[in-house]
Amino acid sequence: MDRFETYRYDVLVVGAGGAGLRAAIEAAAQGASVGLICKSLLGKAHTVMAEGGVAAALANTDGRDSWQVHFRDTMRGGKMLNDWRMAELLAREAPARVVELEGWGALFDRTPDGRILQRNFGGHQYPRLAHVGDRTGLEMIRTLQDKTVHSPGIDVYMECTVARLLKDDGRISGALAYRRETGRFVVFRTKAVVLATGGIGRAYKINSNSWEYTGDGHALAYDAGADLIGMEFVQFHPTGMVWPLSVRGILVTEGVRGEGGVLKNSQGERFMFRYIPEMFRADFADTEDEADRWVAEVIAGRTATVRRPPELLTRDVVARAIAQEVREGRGSPHGGAFLDIASRRKPEEIRKKLPSMYQQFYELADVDITRQPMEVGPTTHYMMGGVRVDAETQAATVPGLFAAGEVAGGLHGANRLGGNSLSDLLVFGRRAGLGAAAYAKAYAGDLQVDAREIEAIAAELLAPFDHVGGENPYAVHDGLQDMMGTYVGIARSESDLRTALSELERLRARAARVGVEGHRQYNPGWHVAVDLRHLLTVSEAVTRAALERRESRGAHMRVDYPDSEPAFATVNVVVRRRGDAMTVDQEPIPPLPDALRRIVEGKD
Amino acid sequence: MDAVLRIFRGDAQGGQFQDYTVPLHEGMVVLDAIHHVQAHAASDLACRWNCKAGRCGSCSAEVDGKPKLMCMTRMDEFQPSEPITVAPLKAFPVIKDLVCDVSWNYEVNKRIPPFHPKPPEPDGTWRMQQEDIDRVQEFRKCIECFLCQDVCHVLRDHEKKDSFAGPRFFVRVASLEMHPLDVASRTAYLEEQGGIGLCNITKCCTEVCPESIRITDNAIIPLKERVVDDFYDPVRLAWRWLTRRDRAP
Ligand SMILES: Cc1cc2nc3c(=O)[nH]c(=O)nc-3n(C[C@H](O)[C@H](O)[C@H](O)COP(=O)(O)OP(=O)(O)OC[C@H]3O[C@@H](n4cnc5c(N)ncnc54)[C@H](O)[C@@H]3O)c2cc1C
Ligand code: SF4
Ligand code: SF4
Ligand code: FES
């Protein structure tokens, strides 16, 4: 083992998106020595792509907003499966976290009286998303990146990928990683690991995610023995680009609808009026007139006096509506729906409020969104499920392991509201940093890493170089994506999910035979081969959890169980590793305290 | 229809261009073609990318000699009969194939004096007018693709990395200097470490910026003016001399 580069830290943060950066800043502020690792260069994590905004009940744009309303929206959006304590903390703490960013240099768009401007988004009752045009994530990550760079006590390892967590007697004691540039292994010895690795979107072909989203953190935690919850809940965003092929899946921000954009089918009908669920009827306009008035009032900067347009229903509802319109033959030419802002807003307003969208369509799809409608359809976007954590500290069920951001489960329940992820990163990134630093400080034992185990893992990771003429890693990945899209996509059934399980066995066998060309230095084929293991683990977890939840709720739709079932209303599906087998259990969610229940029911 | 990509294959020791044939489809971008080569012909072909939508600034390369984001460069911009060359950025050392070592940029960033805000209002927040932040928001659009660094002759041809921060970091400094809340001064940094005097306003950086940031006009020229005001104004010069830190007891 001496032949490996080795470093020691109190806290090792895996991931440098919003959650990882915020965790590192906090842990360092507590006096912990921090190692921060990311697969790409600093500032390129997924967070940079977030467009629409960060949800926080600042009540700047509409004075009626409050943490209680944000909490209620989050719980109702999540179909009450959320970890309610996390939802409460999110709603209470997000405003302070956003203002804190401003103190670190972030510049959000302003209201006429000079405060942070907020925009409307699906599922949020009031305009709540602090934003910077449609590049909010860039503003956030750059601000956090600069704060990190000037925080003493944080060492950054860019283009370094964690391949396995290491334990000593049941506790986290380190991680084995490799540097992309050289292919060399690095051993990190640490008391605490904060996973902040983001999502799993690359398990699906049509997705809005980058190559990094291979579910590494989910799989690392699972392998280390931690519980995963809510893995059946994969968010399909209703509006991804559908044409041309080359851009299929790339996100079209919900901000387009927040700014007044409407969805139409091939008959020119605004079909969303037909899809308003019972639970939300009281809150949404039932005529175009009313919906248009709402938009007019909001754009004029007035407080809305009528109900909001149904295009702003939660993502699960809108995604399913589009899928159904397409299935029933009313889709757009390339199998989506039309999203039209051109006929609703002036060209200069569109370019000011949605500059990246304008550019993205103009340059990649030859569409001028100030003059033409966009073609959009569902795309795999976000993972609600993840590592089960304690709400206060973000501690996972393995001592020394913490998780924050998209890789953590619970907060969003069965469906995430737009904008709640960026606030999640800030609120729980900070809490994870605090939790991990406190744990590291309190633990005085001497933790070891096992040299023989490390050698064995290293050998396993290098095996693809010996499989001359083996399976092409890209082809296996492609096969997995096709399979997941076909059998574990938006609409699921028992028989499809069973097929998926047996297909996964076949893919696993192929993955064991992958071979790569060339040498270890910056070799993407090898990196794909290593990532496959993680993708297969999370794909299996999603499939098994989806089989277990015999109902439809939020983002999880079973065609064989189309209704929500009371028996499933209060349980989490928990996936964990027992020996080499993946087990699935239903576990009750602690009941909502009365005070919070009254808020959800709108009585407070 | 097919296209031929002529891609640099090699590392710090050297390398050569190699041709790969890829099938074209509507709307295809250069990054799609690179991915096709990886999946079908050369699984070890190194390149960086993340967002595939022009937002992260990872996929910078020189396409037919021009610094571009590969994910935003359409294949139909090029003559199908001619091979399209794809090479790594020239201003930075190659690691492998299309990936080069841009770590110098991260070191430069560390040396820029950080944001230092004035105290907030009594309610703990700050008031700012949109028109006062518009110009700073322009600078904050930067996606750190380093294409401007790549074309700037001071870095590209004269290798002045030890004494010149480059256009990206002038944009960064401008975003701090013109921030309505910031109270720190970075003119000393610009003059002494940033080497802003070496820029002779050729505007090459502005031309390649995928975010259309008017780097020269809006960032560099106003910063040069600040430096002149602070450093070469006779009264201030005398004041600076009198208050020099190394003269203090
Ligand atoms: C196009 C798009 C738009 C979005 N818009 C919004 C929005 O407007 N509002 C909102 O709230 N949410 C939005 N989201 C969702 C939100 O951006 C993400 O959920 C969030 O940024 C995830 O942040 P994170 O910190 O958890 O992870 P990320 O930002 O994804 O960072 C993950 C980090 O982990 C690292 N990593 C992963 N695996 C490893 C490993 N094995 N070893 C080492 N490092 C590793 C990566 O390199 C990266 O640094 C959007 C998402 C997309 C795709
Ligand atoms: S304007 Fe200045 S910074 Fe920009 S390319 Fe020319 S010399 Fe370089
Ligand atoms: S200023 Fe423009 S060209 Fe330079 S790094 Fe930023 S986005 Fe790229
Ligand atoms: S991949 Fe992000 S800019 Fe090209």
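Numbers restart at 1 for each chain; the letters A, B, ... are given by sequence-line order, proteins then strands.
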Choice from B:His25, B:Met28, B:Gln129, B:Gln137 maximising heavy atom contacts with chain A below 4.5 Å:
B:Gln137
With under 30° as parallel and over 60° as perpendicular, where do the rings of B:Phe164 and B:Phe170 fit, or are they tilted in between?
perpendicular
Under a 4.5 Å heavy-atom cutoff, which of A:Leu107, A:Val99, A:Val48, A:Ile141 has the most pairs with chain B?
A:Leu107
With only heavy atoms counted, which part of A:Asn472 is less than 4.5 Å from chain B, the side chain, the backbone, both or neither?
side chain
Under 4.5 Å from any heavy atom of chain B, what part of A:Tyr213 do you find: side chain, backbone, both or neither?
neither
Of the backbone (N, CA, C, O) and the side chain (C-beta and beyond), which part of A:Met241 lies under 4.5 Å from a heavy atom of chain B, both, or neither?
neither
Measuring heavy-atom distances to chain A, does B:Leu176 have an atom under 4.5 Å in its side chain, in its backbone, in both, or in neither?
neither
Of the backbone (N, CA, C, O) and the side chain (C-beta and beyond), which part of B:Asp134 lies under 4.5 Å from a heavy atom of chain A, both, or neither?
side chain
Part of B:Pro119 lying under 4.5 Å from any heavy atom of chain A:
neither
Using heavy-atom distances under 4.5 Å, tell me whether B:Arg74 contacts chain A through its side chain, its backbone, both, or neither.
side chain
Would you call the rings of A:His381 and A:His237 parallel, tilted or perpendicular if under 30° counts as parallel and over 60° as perpendicular?
perpendicular
Go through the structure and list residues passing ring-ring contact (aromatic ring centres under 6.0 Å, His included) with B:Phe169, not counting sequence neighbours.
none
Among side-chain atoms of A:Tyr522 and A:Arg179, is any donor-acceptor pair under 3.5 angstrom?
no
Just say parallel, tilted or perpendicular for the rings of A:Trp243 and A:His334, cut-offs at 30° and 60°.
parallel
Part of B:Leu31 lying under 4.5 Å from any heavy atom of chain A:
neither
Side chain / backbone / both / neither for B:Asp182 at chain A, heavy atoms under 4.5 Å:
neither
A quick test of your reading: do over 12 heavy atoms of other residues, nucleotides or ligands sit less than 6.0 Å from CZ of B:Phe17?
yes
Applying side chain to side chain donor-acceptor pair (under 3.5 Å) to A:Asn207 and not counting sequence neighbours gives A:Arg202
Please state whether the side chain, the backbone, both or neither of A:Glu100 comes within less than 4.5 Å of a heavy atom of chain B.
neither
